[in-house]
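Since the structure comes first, as structure tokens, the remarks are kept for the end.
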Amino acid sequence: MIRGGIPDDEVEPYLHARAWLTDAARLLGRTPEALAAELIAMMLRSGAVVLRDGRLHAAAEHTPVETQTLRVPYPRSWPTTAPR
């Protein structure tokens, strides 16, 4: 969400791809799809997230991260180094 929110139609597929959601759904006796939908609905109802212009945004007060700060590769893309 620090990258300007998440498109509303991408939130559930994002959650479905998380291993923790699958594990939590199994422990709670639900399907991952049902748990993801319930989680999103609950966050919206509670005010933890807001839907604005088709994107979910965190509702907590925060300072937006400048775009250029986020233009760095993820750690998995970092070059490997030989052990010393």
Item to complete: Could you grab the distance from atom CD of Glu12 to atom CG of Leu39, nearest 0.5 Å is fine?
Response: 9.5 Å

Fill in: Same apolar cluster (I L V M F W Y, side chains within < 4.5 Å links), Ile6/Trp20
yes

Discussion item. Return the CG to CE distance between Leu44 and Met42, rounded to the nearest 0.5 Å.
Written reply: 11.0 Å

Item to complete: Might you work through the side-chain contact (heavy atoms from CB on, under 4.5 Å) test for Ile40 and Val49, ending with a clear yes or no?
Response: CA-CA 9 Å; Ile40 295 164; Val49 297; 5.9 Å; no

Fill in: Audit row: Leu35, Thr22, side-chain contact (heavy atoms from CB on, under 4.5 Å) steps and yes/no
CA-CA 9 Å; Leu35 183 58; Thr22 303; over 6 Å; no

Discussion item. Please give me the minimum heavy-atom distance between Gly47 and Ala59, naming the atom from each residue.
Written reply: O-CB, 2.9 Å

Worksheet item: For the atom pair CZ (Arg30) and CG (Leu27), what is the distance rounded to the nearest 0.5 Å?
Response: 12.5 Å

Item to complete: Identify, with sequence neighbours excluded, every residue that meets salt bridge (Lys or Arg N to Asp or Glu O under 4.0 Å) alongside Arg18.
Response: none

Worksheet, complete the sentence: Between the CZ atom in Arg45 and the CD atom in Glu38, the distance rounded to the nearest 0.5 Å is 7.5 Å

Worksheet item: From Asp9 CG over to Arg55 CZ, what is the distance, rounded to the nearest 0.5 angstrom?
Response: 9.5 Å

Item to complete: Carefully, step by step, assess Leu21 and His16 under the rule side-chain contact (heavy atoms from CB on, under 4.5 Å).
Response: CA-CA 7 Å; Leu21 182 90; His16 296 165; 4.1 Å; yes

Worksheet item: Can you tell me how far CG of Leu15 sits from CD of Glu10, rounded to the nearest 0.5 angstrom?
Response: 12.0 Å

